[in-house]
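Scroll down for the structure; my scribbles are underneath it.
Below, chain A is the first sequence line, B the second, and so on; all start at residue 1. All values below come from the heavy atoms of this structure, side chains included, with hydrogens, waters and symmetry mates left out. For clarity, every value in this text was computed on a predicted model and none was experimentally measured.
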Amino acid sequence: MSCSGSGADPEAAPASAASAPGPAPPVSAPAALPSSTAAENKIPDAVTGYYLNRAGFEASDPRIIRLISLAAQKFISDIANDALQHCKMKGTASGSSRSKSKDRKYTLTMEDLTPALSEYGINVKKPHYFT
Amino acid sequence: MADAAATAGAGGSGTRSGSKQSTNPADNYHLARRRTLQVVVSSLLTEAGFESAEKASVETLTEMLQSYISEIGRSAKSYCEHTARTQPTLSDIVVTLVEMGFNVDTLPAYAKRSQRMVITAPPVTNQPVTPKALTAGQNRPHPPHIPSHFPEFPDPHTYIKTPTYREPVSDYQVLREKAASQRRDVERALTRFMAKTGETQSLFKDDVSTFPLIAARPFTIPYLTALLPSELEMQQMEETDSSEQDEQTDTENLALHISMEDSGAEKENTSVLQQNPSLSGSRNGEENIIDNPYLRPVKKPKIRRKKHGILLCCPGWS
């Protein structure tokens, strides 16, 4: 059941969990539970609940659904931030001035996304054109 | 696993975008939620700082998001069942996230950070609002055998027909006028019809057609109408005594035959003679029916070859 092809990050997380004192892993998520309200999550409860139901996960507590949607949001936003870093690195590496429009307009392209995802262990290969 | 998911998602989304033209209701069910995820991904990218994005990358991220949620659900369910439970708990999810390589410690910080940030994505609430301006009247409530999530009944004016008609005019004066004018029109029309179809006389020598008068038909016996009883009287007399009718008509028939053969007179005279005994018979008592041969009840004649055998029906012919 282990996630195949995971990078360095996932190996560090279980290690930290295992090294925690006591049989229970340090669960810091309860701190996130009461604070996450329905209005903050971008993903509606219904949509998350729909996908969870398709997987066989019937949630008894709506806060669990919000927690999952929050985790998924963070997942995507982390990838987006990494892609932004790549985009900025490519922009400033060519030596263009910072006041240019390149600072304001960042376009997410597959060239930025692919290396960002590869750090997570996700290899994407999209065809450049569709036949 | 995530690797395979991403590549499979890439191919899947490619084929899906090609076949998007044919959407049946089953596909719409999935596409609606996928669209929501796309909006979410787009808002997250905007929050990160991107102005625009390639469609392929948005599709990739959407597919990843969907797979991620599904995977969390599947894995949490498996963990939960692994410990002989059916209801997933928080710890199941935490373990799932940990196993998937998610740093759970950063989650509260991320939640607080999103509190501070402006939520750029508007809450995706698609509520099809039926315009209330066009409703008229109260809709019928659901009968108990219909669940509440079914659509409501339509407006009552769509299936209930209440015929409307104007109140008839009941003003006495107006009605009287109407009756009078109708009567006058009817009389006029009828007389004109009779003038056009029957014989006419005219007052003026030269002008025949302008004021036609209905020609009077003089009766041969003017006092006949006074003698003959009207239809109404005949009916009343018949109703009063129907049982004695047969006997009396038989006797009166014999009397008539005798009187007719004796006189041998013209048609009118015989009819007059017939009237006299019948009238006398009627004066005897009210129960005696006036024996007008033309108004007698129909007796089917015995079919006799001889001519005078049929005299019961038309005694005036010899």
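Looking at A:L84, the atoms closer than 4.5 Å to chain B (heavy atoms on both sides) sit in the backbone and in the side chain alike. If you measure heavy-atom distances from B:I93 to chain A, the contacts under 4.5 Å come from the side chain alone.
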Test side-chain hydrogen bond (donor to acceptor under 3.5 Å, both in side chains) applied to B:E59 and B:Q38, step by step:
CA-CA 7 Å; B:E59 285 282 344; B:Q38 248 183 7; 3.0 Å; yes

Evaluation steps, salt bridge (Lys or Arg N to Asp or Glu O under 4.0 Å), between B:E63 and B:R34:
CA-CA 9 Å; B:E63 184 64 35; B:R34 206 176 163 80; 2.7 Å; yes

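Note: B:I69 leads B:I72, B:I69, B:T86 in heavy-atom pairs under 4.5 Å with chain A. The residue among A:L117, A:D112, A:I76 with the most heavy atom pairs within less than 4.5 Å of chain B is A:I76. Contact count versus chain B (heavy atoms, under 4.5 Å) is highest, among A:A71, A:S69, A:S60, for A:A71. Chain A forms the most heavy-atom pairs under 4.5 Å with one residue out of B:A48, B:A53, B:S52, and that residue is B:S52. When each of B:G73, B:A32, B:A76, B:C80 is scored by its heavy-atom pairs under 4.5 Å with chain A, the top score falls to B:G73. Heavy-atom pairs under 4.5 Å with chain A were tallied for B:L65, B:L45, B:T89; the largest tally goes to B:L65.
Annotation: ring pair (Phe, Tyr, Trp, His ring centres under 6.0 Å) contacts of B:H142 (sequence neighbours excluded): B:F153. Take A:F75 and apply the ring pair (Phe, Tyr, Trp, His ring centres under 6.0 Å) test, not counting sequence neighbours, and it matches B:Y68.
With hydrogens and angles ignored, the 3.5 Å screen pairs a side-chain donor or acceptor of B:R33 with a backbone N or O of B:Y29.
With respect to the salt-bridge test (charged N to carboxylate O, under 4.0 angstrom), the residues B:R184 and B:E187 do not qualify.
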